[in-house]
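Heads up: the structure comes next, in structure tokens.
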Amino acid sequence: MRKIHLLLLYLFTTFTSYSQATKPEVAIIPEPVSLKINTGQFVLPRNVVIAASAHPQLKSTVAFLRERLSVPTGRNVTVSKPSTTATIRLILLPTPDNSIGKEGYHLAVTPQNIVIRANQPAGLFYGAQTLVQLFPNEIESAELVKKTSWLVPCVEVTDYPRFGWRGLMFDVSRHFFTKQEVKQYIDDMVRYKYNLLHLHLTDDEGWRIEIKSLPKLTQVGAWNVKKEGYFGNFSPPQPNEPRTYGGFYTQADIKELVLYAKERFVNILPEIDVPGHSLAAVVSYPELSCTPGVENYRVRSGEQIMDWSHGAPPIALVDNTLCPANEKVYEFLDKVITEVAQLFPFEYIHVGGDETPQNFWEKSDAIKSLMKKENLKNLHEVQGYFERRLEKIVLSKGKKFMGWDEILEGGLAPSAAVMSWRGMKGGIQAARLKHEVVMSPTDFAYIDYMQGDVSIEPRIYATLRLSKAYQFEPMPDSVDAQYIKGGQANLWTEQVYNMRHAQYMTWPRGFAIAESLWSPKESKDWKDFINRVENHFNRFKIAEKNYAPSMYEPIFNVTKTPDNNVKIALSTEIEGLDIYYTFDNSFPDRFYPKYTEALVPPKDAVMLKVVTYRGKEPVGRLITMPVTEWKARAGIK
Ligand code: ACM
């Protein structure tokens with residue numbers, strides 16, 4: 001009897017582990033509109049034929065599939081004319097299927113072949129992204145993998161995006177990222193079906209785009225002093241420190257990037273941030289400020305130049321603004337916008353408008369007489385005047401005008417589109433006024449913020465956890481949906497010094513925002529999303545791309561008890577984790593005390609160390625919190 005039990009147990013465990021080992025794990029991000037998993041599998045043959053028409057816009061899709069399906073697998077991948085016997089068929093539908101729109105696709109995997117159908121080349125490109133995500137994780141490898149069979153589960157997918165504007169903003173001003181790095185960023189974003197790259201090209205720390213009629217912008221404005229540490233409070237650079245840190249894109253570089261992006265169905269939105277955040281321009285051409293006599297301004301190297309202690313708008317310690325009362329400013333902007341408009345085919349130009357200090361304007365006689373002449377009641381209206389003049393310039397070059405939501409404050413220019421960042425309210429207000437809107441609110445979409453506890457993350461003044469980013473809902477209730485074009489996540493780079501860190505900040509929150517912008521609202525499911533995120537972490541590991549593991553690490557809630565002691569409550573963002581801790585300075589593992597209830601530090605303890613496990617596997621990084629920190633958080637001196 002006992003033997004039979006054991007035999008049954010053996011058969012059962014063998015069977016279940018067998019079925020689990022071979023059960024295909026389908027983990028697509030962003031979640032498709034409709035996904036049906038059928039029985040059976042497609043096996044990648046030795047010789048793979050991709051059939052596609054000679055349409056020039058199919059080249060990048062074919063090249064992408066060819067590379068991914070050959071490099072890790074060692075398979076021989078060739079390309080043929082349209083053919084019913086090919087392994088993978090990319091088909092542009094001869095009669096439009098209105099259900100999938102311009103970017104949607106149908107993907108069918110059967111044991112015989114793989115077929116992707118779409119109305120437009122973009123749809124085939126996105127179908128190919130989904131297909132690669134259906135392959136085993138090793139498909140991401142940059143090298144040949146020792147694996148004999150490459151199986152894809154049989155599926156039927158119908159998919160299309162919820163929003164047409166699915167953006168990532170990359171700040172290439174605070175730290176310069178090379179043309180090659182921007183291409184890498186594009187390669188990474190399109191894997192998750194983003195279609196818009198917003199390049200923040202100018203700021204106080206650097207002007208990054210060659211303007212041929214204004215050469216000093218890049219001769220002078222693109223360079224500062226390299227500093228490392230916490231940006232914002234660096235020591236002021238000395239005159240003898242070399243100004244060799246930075247760089248810019250030549251116009252040839254920009255053309256190359258625009259083409260590279262276009263081949264991958266990405267539009268590039270250029271941003272020229274004025275009238276604030278303009279120190280690099282002011283240093284290059286001091287006559288553009290309201291304070292032209294001041295000679296000692298330098299492109300910012302991370303030293304303090306604004307005082308935020310009084311809230312917005314900030315007080316500028318050096319004048320980083322263009323002067324709205326100066327006609328030369330509009331001549332300058334006409335030149336800049338003329339060249340920018342010629343370089344970027346995208347229909348919008350973003351002209352910033354955020355965080356403009358008013359203190360230098362306030363003291364300016366030129367501004368005072370402009371206010372009198374134009375009947376402007378306050379300095380917001382002065383900025384409104386500036387924005388309306390700039391709007392005319394942008395429109396005169398055949399482009400649409402877009403700015404951050406501060407442009408609402410001085411009276412919105414008639415055709416302006418608004419990018420809402422200080423929450424959703426600016427976007428809602430603009431949509432009610434029948435203006436186009438892109439949502440990128442700090443509370444859900446600012447991926448420069450920390451994604452975990454400050455004890456371990458590179459320090460920034462705010463936090464945006466993955467779970468919050470996953471709640472991003474770009475469409476507010478009670479506005480006409482036609483005005484909400486979509487949304488984007490913004491990667492400001494004051495504290496992002498290199499590409500590995502840019503990846504760390506972008507992923508996995510970029511997965512969450514991608515899903516908010518592409519997938520149906522009703523399909524959101526946090527637990528299911530996390531399972532898929534973990535699959536993609538494994539893909540990133542194989543691809544040697546960086547990501548943040550912060551979702552595995554505890555959330556600390558430190559409070560003061562009535563008897564003036566400290567209580568440290570810990571929780572986790574995702575389910576199924578155990579937290580182990582020590583107060584004795586040694587390194588906790590799963591043989592140490594397991595967290596079950598809020599901790600009261602022993603009287604003489606000086607250090608809390610915590611680590612998270614899933615079963616026997618450590619998953620989070622070690623977090624160390626000294627007594628000074630927990631006392632500070634509890635408000636105990
Ligand atoms: C912004 O974050 N200042 C647009």
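Just follow the structure's listing: the first ligand is 1, and inside any ligand the first atom is 1.
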Handout entry: Ligand-residue contact atoms, ligand 1 with Trp492, heavy atoms, under 4.0 Å
Key = 1 (C), 2 (O), 4 (C)
Fill in the blank from the handout: In this structure, atom 3 (N) of ligand 1 is nearest to the protein heavy atom Asp354 OD2, 2.6 Å
Practice task
Please confirm whether Tyr446 comes within less than 3.5 Å of ligand 1 when only nitrogen or oxygen atoms on both sides are compared.
Solution key: yes
Fill in the blank from the handout: The ring-ring contact (aromatic ring centres under 6.0 Å, His included) partners of His277 (sequence neighbours excluded) come to none
Problem - Glu355 N/O under 3.5 Å from ligand 1 N/O - result: yes
Problem - Residues that Ser235 engages under side-chain contact (heavy atoms from CB on, under 4.5 Å), provided they are two or more places apart - result: Lys227
Problem - Residue pair Thr218 / Tyr249, side-chain donor-acceptor N/O under 3.5 Å - result: no
Handout entry: Validation row, ring centre Tyr348 to ring centre Phe346 under 6.0 Å
Key = yes
